[in-house]
Amino acid sequence: MIRCAAWIVPLSLSLASPAWGQDAATLPRGHVFFHADFEGPDALNGWSGPAARLVADGAGQVVLIEQTAGNSKGSAVIQLPLPVEQLRGYVVEFSARVKASGISEKPNPWNGVKFMAPWTRADGGRDWPAVELDAGSFDWRAVAFRVSVPDDARDVQLVLGLEQVSGKAWFDDVRVAVHRSLRRAPRPVATGPAYKGHSLHRLRGAMISPNVTDEDLRVLGQEWNANLIRWQLIRTGRIEDP
């Protein structure tokens, strides 16, 4: 039996989640920064790189990027700079429809069919977020990934193509849109004394062994004047049922 009535054992933690708010200038979820359906003869205007061509697919038009086996150690990509000043402060979703045929085995997991949005951090470092797609062949599929673009991001690029593999990849309905804002809602201004979770003048104590005895607690509380313990909630020995 614990005979020290003054003991406090804190056993709960508050795991507060950030509140994501919107002010009057915040763009709504789903707002489209960029969309390419590759219709029309000028659908590749603004893209750099000679690797792509426009081809018919059903009633519409898509982008085809192809690389032969003899060139598979290089890259066949096109890229487009995005307006980073508009993307800053948002979690941005990149989505597209992709189809592939005869994609060779990837030398590294990050190679292969590329749907990627590399961006530059304030310290000059680069991040390379992308969708990881299979080798071989697959029919049209919807793919997507998200990028948190901080207020000090320097640039964001959109990249489509093939990297260190051979084969064919088709792209359509490429979209860059708002998933949510990175900006936090203003925190309420605290008034009055800060809440401490107890009414004691101050806390004094130590971490104790799981094998603590009544006598240990008596000494700690009555002789050492402690009013707080950190009690390790663990179990020892063989765990039959994890």
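Starting from 1, each residue takes its place in the sequence as its number.
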Which pairs count as ring pair (Phe, Tyr, Trp, His ring centres under 6.0 Å) when at least one residue sits in [range], sequence neighbours excluded?
range	value
residues 66-86	none
residues 64-89	none
residues 98-134	Phe115-Phe145

Taking salt bridge (Lys or Arg N to Asp or Glu O under 4.0 Å) as the test, write out the residues that go with [X], two or more places apart.
X	value
Arg53	Glu66
Arg146	Glu93
Asp123	Arg121
Arg204	none

Could you list the residues that satisfy side-chain hydrogen bond (donor to acceptor under 3.5 Å, both in side chains) with Ser48, not counting sequence neighbours?
none
Quick one: list whatever passes side-chain hydrogen bond (donor to acceptor under 3.5 Å, both in side chains) with Thr213, sequence neighbours left out.
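For Thr213 the side-chain hydrogen bond (donor to acceptor under 3.5 Å, both in side chains) partners, ignoring immediate neighbours, are Asp216.
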Below 4.5 Å, heavy atoms only, C-beta onward: do [X] and [Y] meet side chain to side chain?
X	Y	answer
Asp134	Ile103	no
Leu82	Phe34	yes
Phe94	Val156	yes
Val113	Leu162	yes
Trp231	Ile208	yes
Trp140	Asp172	yes

Expected output: side-chain [X] to main-chain [Y] donor-acceptor under 3.5 Å:
X	Y	answer
Ser101	Ser137	no
Asp173	Ser95	no
Gln164	Asn108	no
Arg230	Ala206	no
Lys106	Leu133	yes
Glu105	Ala135	no
Ser104	Ser166	yes
Glu223	Arg218	no

Determine all donor-acceptor pairs shorter than 3.5 Å in which one atom belongs to a side chain in residues 54-62; sequence neighbours excluded.
{"unit_1": "Gln61", "atom_1": "NE2", "unit_2": "Phe38", "atom_2": "O", "d": "2.8"}
{"unit_1": "Gln61", "atom_1": "NE2", "unit_2": "Gly40", "atom_2": "O", "d": "3.0"}

Measure across [X] and [Y] and return the closest heavy-atom pair with its distance rounded to 0.1 Å.
X	Y	value
Asp152	Ala122	OD2-CB, 3.3 Å
Gln232	Pro210	NE2-CD, 3.9 Å
Val98	Phe171	CG2-CD2, 3.9 Å
Ala52	Ile65	CB-CG1, 3.8 Å
Ala96	Val174	CB-CG2, 3.9 Å
Ala177	Gly30	CB-O, 4.0 Å

Rounded to the nearest 0.5 Å, how far does [atom2] of [Y] lie from [atom1] of [X]?
X	Y	atom1	atom2	result
Leu203	Lys196	CG	NZ	7.0 Å
Leu80	Ile78	CG	CD1	8.5 Å
His31	Thr26	NE2	OG1	11.5 Å
Arg97	Arg175	CZ	CZ	11.5 Å

Any carboxylate oxygen within less than 4.0 angstrom of a Lys/Arg side-chain nitrogen, looking at Arg126 and Asp155?
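Salt bridge between Arg126 and Asp155, a charged N being under 4.0 Å from a carboxylate O: yes.
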Which residues pass the ring-ring contact (aromatic ring centres under 6.0 Å, His included) test with His35, not counting sequence neighbours?
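In terms of ring-ring contact (aromatic ring centres under 6.0 Å, His included), with neighbours along the sequence ignored, His35 is linked to no residue.
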What residues join Met207 in its hydrophobic cluster, counting side-chain heavy atom gaps under 4.5 Å, either direct or through other members?
none
Got more than 12 heavy atoms from elsewhere within 6.0 Å of CH2, Trp224?
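At most 12 heavy atoms, drawn from other residues, nucleotides or ligands, come within 6.0 Å of this atom.
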